[in-house]
Amino acid sequence: MSETQETLASPERLDELLKQAENELFEIQPKIEKLEEVVSELRELKMTKQRLLTLKMSLSALIETIGKDKVQFDNENKDSIFGDKLSTKVLNYNELSTLKMFHPDEAFKEVDKILKQKQSLNYEMFKAVIFNGGKASTEEIKQYLVESGIQQPQTGEGFEDVPLTEISSRANYLVRKGILQPVGRGEFYSTLGWIEPSV
C-alpha cells in the first residue's frame with residue numbers, strides 16, 4: 001500500500017498527470033470554440049428565418065391579392081379609396097389587406113419616426129408583428145420575444161413565464177401611439193407599412 005502511495009505521488013507520476021491534464025485542455029478548447037461558433041450561427045439562422053418568414057408572408061399576400069377578383073367600385077368610390085387623403089388608420093385589417101400591399105421595409109421606415117429607441121421592448125414587439133406579416137397574436141409576439149432572447153426591462157428576465165395578458169397590455173401602448181390596432185381578441189396589426197398597389 002505504501003509503495004502505491006509513493007508511486008502515485010512520485011514526481012514522474014505527477015508530471016504524467018500534468019501532461020495529461022494539459023493535453024485534455026488542449027483538446028477541449030477547440031471543441032468549445034466550435035460550439036460557440038455553432039451557437040452564434042444558430043442566432044443568425046433564427047434571424048434569417050424571421051426575415052424569410054416576413055418575405056414569405058409578403059409574397060403570399062401579393063399572390064393572394066393578385067388572384068382575387070377585382071373589387072368593383074364606381075369612379076367616385078374608386079377615387080375616394082385610392083386618394084392621398086385616405087389614412088390607413090381609418091381602415092380595418094381586412095380593408096387594408098384587400099386594398100393595399102404590406103411592405104415590412106416601409107413599416108420600419110415609418111416607425112423609426114415614432115419610436116426613437118430601436119433597442120426598446122416596444123420596438124421589439126413591433127418587430128414581432130412585422131415579422132409575422134403585419135399581423136400577430138399575443139402568442140406569436142411572446143414566441144418572438146422568447147426566441148429572440150429579449151429581456152424584461154424591469155427584471156432582466158426573459159418572457160417565458162410572462163402571461164399573455166401582459167403581452168396584450170404592452171401592445172396596447174403601441175395602439176395608443178397609433179402604431180398598432182387590435183383585430184379580434186388578442187391580435188394586433190400594424191397600421192404602418194401599407195402602400196398603394198401599383199396600377
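Owing to the predicted nature of the structure, the values given are computational and were not obtained by experimental measurement. No hydrogens, no waters, no symmetry mates; every other heavy atom, side chains included, goes into these values.
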Within the distance-only criterion (no hydrogens, no angle test), does the side chain of Glu110 pair as donor or acceptor with the backbone N or O of Gly193 below 3.5 angstrom? yes

Verify same cluster id: Leu164, Leu145 (apolar side-chain graph, 4.5 Å): no

Side chains of Asn94 and Val183: does their closest heavy-atom pair fall under 4.5 Å? no

Does some side-chain heavy atom of Phe188 sit less than 4.5 Å from a side-chain heavy atom of Leu174? no

Distance-minimising heavy-atom pair for Ser190 and Phe126: OG-CE1, 3.7 Å

Salt bridge (charged side-chain N to carboxylate O under 4.0 Å, His left out) between Glu37 and Lys34, worked out: CA-CA 5 Å; Glu37 289 177 3; Lys34 187 175 181 180; over 6 Å; no

Look at the side chain of Thr191 and the backbone N and O of Ile179, then say whether any donor-acceptor pair between them is shorter than 3.5 Å. yes

Salt bridge or not between Arg13 and Glu16? Use side-chain N to carboxylate O under 4.0 Å. yes

Taking Gln29 for its side chain and Phe26 for its backbone only, find out whether a donor-acceptor pair lies under 3.5 Å. no

Should we count CG of Asp161 as having more than 12 external heavy atoms under 6.0 Å? no

Determine, for Glu22 against Lys19, whether the closest basic-nitrogen to carboxylate-oxygen distance falls under 4.0 angstrom. no

Do the rings of Trp194 and Phe102 sit parallel, tilted or perpendicular, given the 30° and 60° boundaries? tilted

Shared hydrophobic cluster for Tyr144 and Val175 (ILVMFWY, side-chain gaps under 4.5 Å): yes

Check Gly158 against Gln152 and note the closest heavy-atom contact, atom names and distance. O-NE2, 2.9 Å

Please check: side-chain N/O of Thr48 versus main-chain N/O of Glu44, any donor-acceptor pairing under 3.5 Å? yes

Does any part of the side chain of Met125, heavy atoms only, come nearer than 4.5 Å to the side chain of Leu121, both counted from C-beta? yes

Between Lys109 and Asp105, is there a salt bridge with N-O shorter than 4.0 Å? no

Gap separating the CG atom of Asn172 from the CZ atom of Arg176, nearest 0.5 angstrom: 6.5 Å

Got a sec: does the CD of Gln117 have more than 12 other heavy atoms crowding it under 6.0 Å? no

Residues Thr138, Lys142; criterion side-chain contact (heavy atoms from CB on, under 4.5 Å); working and verdict: CA-CA 6 Å; Thr138 50; Lys142 178 178 177 178; over 6 Å; no

Please check this pair: side chain of Ser169 against backbone of Thr165, looking for a donor-acceptor N/O pair closer than 3.5 Å. no

Salt bridge or not between Glu27 and Lys31? Use side-chain N to carboxylate O under 4.0 Å. no

When every non-hydrogen atom of Lys118 is compared with those of Tyr123, the smallest separation belongs to O-CD2, 3.5 Å

Any chance you could measure Ser168, atom OG, to Arg185, atom CZ, to the nearest 0.5 Å? 8.5 Å

In sequence, state the C-alpha distance, the side-chain angles, and the governing distance for Gln143 and Glu139, and then conclude on side chain to side chain donor-acceptor pair (under 3.5 Å). CA-CA 6 Å; Gln143 182 181 0; Glu139 292 92 341; over 6 Å; no

After noting the C-alpha distance and the side-chain angles of Ile141 and Asn132, does the key distance pass the side-chain contact (heavy atoms from CB on, under 4.5 Å) rule? CA-CA 9 Å; Ile141 294 173; Asn132 275 281; over 6 Å; no

Atom of Ala171, atom of Leu180 and distance for their closest heavy-atom approach: O-CD1, 4.2 Å

Nearest heavy-atom neighbours spanning Val129 and Ala136: CA-CB, 3.9 Å

Within the 4.5 Å heavy-atom criterion, are Ile114 and Leu192 side-chain neighbours or not? yes

Working to the nearest 0.5 Å, report the span between CD of Glu140 and NZ of Lys135. 9.0 Å

Are side-chain heavy atoms of Phe108 and Ile130 found at a separation under 4.5 Å? yes

With a 3.5 Å distance limit and no angle check, can you tell me whether Asp15 reaches the backbone of Pro11 through a side-chain donor-acceptor pair? no

Quick one, Lys100 and Ile195 - any side-chain contact, counting heavy atoms below 4.5 Å? no

